[in-house]
There are 2 protein chains.
Amino acid sequence: MTNNKVSMAVIRRLPKYHRYLKEMLENGINRISSKELSDVIGFTASQIRQDLNNFGGFGQQGYGYNVEDLYNEIGQILGLVKTYNTIIIGAGNLGQALANYNFASHGFKLEGMFDINPKVTGLRIRDVEIKDMDLLEEEIKNKNIDIAIICTSRDAAQSVADDLAKYGIKAIWNFTPVDLKINNHEVIVENVHLIDSLLTLSYFLKEK
Amino acid sequence: MTNNKVSMAVIRRLPKYHRYLKEMLENGINRISSKELSDVIGFTASQIRQDLNNFGGFGQQGYGYNVEDLYNEIGQILGLVKTYNTIIIGAGNLGQALANYNFASHGFKLEGMFDINPKVTGLRIRDVEIKDMDLLEEEIKNKNIDIAIICTSRDAAQSVADDLAKYGIKAIWNFTPVDLKINNHEVIVENVHLIDSLLTLSYFLKEK
DNA sequence: TACAATTAGTTAATTAATTGACAAACAATT
DNA sequence: AATTGTTTGTCAATTAATTAACTAATTGTA
């Protein structure tokens, strides 16, 4: 099924398929052809078929794809089959905003928040207490944390990431404006650069 | 200088160049070769030279690039030459977090926040009052707003975007989990899908 | 049941993106 | 001043990604 090497371009399109299929499912659409999907999602029908066939033949000639089945298949491919335990490091504005975001509905459970600032430690966000960083190692191990969401200051980020890797975290979702580098290539790092996105927008704004 | 058609792949790398060059500038590095830049930024030297030559010959054989000049050139290309006026629509957790983010330092000035919820209207975030949506049209026109940052609920997003386009906004930075579609192709739309990023991370987590 | 229409999966063709190679320009050194 | 080493800009080669074309399976209909 999952064959050798799927390109990054394909992988980054999968969440979009997942999103659109979920919407269709909610709207009671239970069958879709690559052509119809193309019309709403904006990729060519050919690309959609190519993308999906990286993972298996989920469709049926003359029929198309069953929306629910395809949604579940892609969910499986994306690893949305278990609940992942997450923590947030840095409970400032962004950290708190992300704590309030409903990632839980996608299977990402917030198990803890950490900060060095005594002004926020002890506070609770959605039933999760903000704890001191001293407790980080212990909690990662005890609560079997998979993903750490880094919302610290730029300066603290790399050092926090190094610690997290040492404590055995499996993945890091980084919101600070640095590209975190982890020597241990078992640790997955996903950098979200909001500024990069804004500057891209700015580029096109200038072009007009 | 700016020639015909620069590919999206190149454009999306520009902010990263900008980020790294800024860091070098702060560290007192005033000269860099494509090879050295390659080592820190992770693109090949050849790609760096190709990318930059889409916009002009900023380097010098035998020398490399002057960091400050290149930083400024890329800033110019990205449109970071004027201050853009921005507003945030939807003053929930994410909206408030973004209001506290220092985009201002990059030339994006927050000129207003809007919400329909009377529990938040009237509050002030960093000297910016959260106003009722009724005032949206007037403020966009009076304050010459360039960019609207949408942080509403998913359901409100498209309708808000349609209004914004009608009121003459130039660009939309969208944080809701839908792909906003604006008929007027003069309006630039940049969708930030946090969930897509998280699901990509989840994909790689599962692969291990 | 036969037949026309639909549509996935797959291979081939095309286009786009990246990498490699090299001449020309300049810097640094002796 | 001459020479060696460095490094860009650019063109060519290669690799990757996308699109098109086609076959075979299935649906829907007469």
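Chain letters run A, B, ... following the sequence lines, proteins first and then strands; every chain starts at 1.
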With respect to the phosphate group of D:dT18, does any side-chain polar atom (N or O) of A:Q50 fall under 4.0 Å of OP1 or OP2? no
Whole-Å gap separating C1' (C:dT18) and CG (B:D51): 10 Å
Do the side chains of A:R126 and A:E111 get close enough for a salt bridge, i.e. N-O under 4.0 angstrom? no
Which part of the nucleic acid, if any, lies within reach of B:F43 when heavy atoms closer than 4.0 Å are counted: base, sugar-phosphate only, or nothing? nothing
Have B:Y71 and B:N66 got a donor and an acceptor in their side chains that come within less than 3.5 Å? no
I need the CE-C1' distance between B:M8 and D:dT18, as an integer number of Å. 17 Å
Looking at B:T44, I'd like to know whether one of its side-chain N or O atoms comes within less than 4.0 Å of OP1 or OP2 on C:dT19. yes
A:M133 vs A:I89 side-chain heavy atoms within contact, under 4.5 Å: yes
Ring geometry between A:W173 and A:F175 (parallel below 30°, tilted from 30 to 60°, perpendicular above 60°): perpendicular
Rounded distance (Å) that lies between atom P of C:dA16 and atom CD1 of B:I11: 14 Å
Please report the distance, rounded to the nearest Å, between CG in A:N54 and P in D:dT18. 11 Å
Mind checking whether B:L205 and A:K82 have side chains closer than 4.5 Å, heavy atoms only? no
Could you state the CZ-P distance from A:F55 to C:dG9, rounded to the nearest angstrom? 13 Å
Round to the nearest Å and state the distance from A:N53 atom CG to D:dA21 atom P. 19 Å
In this structure, how many angstroms lie between the P atom of C:dT10 and the CZ atom of A:F58, rounded? 12 Å
Letter per nucleotide, 5' to 3', of nucleotides 21-30 of chain C [B base touched, S only sugar-phosphate touched, - untouched; heavy atoms, 4.0 Å]: B--BBBSS--
Quick one: on DNA chain D, does B:A45 or A:R13 contact a more 5' nucleotide (nearest heavy atom)? B:A45
Distance in angstrom units between B:Q47 CD and D:dG9 P, rounded: 15 Å
Assess, by modelled atom type and distance only, whether the side chains of A:D51 and A:Y17 contain a donor and an acceptor separated by less than 3.5 Å. yes
What residues form a side chain to side chain donor-acceptor pair (under 3.5 Å) with B:N102, not counting sequence neighbours? B:S105
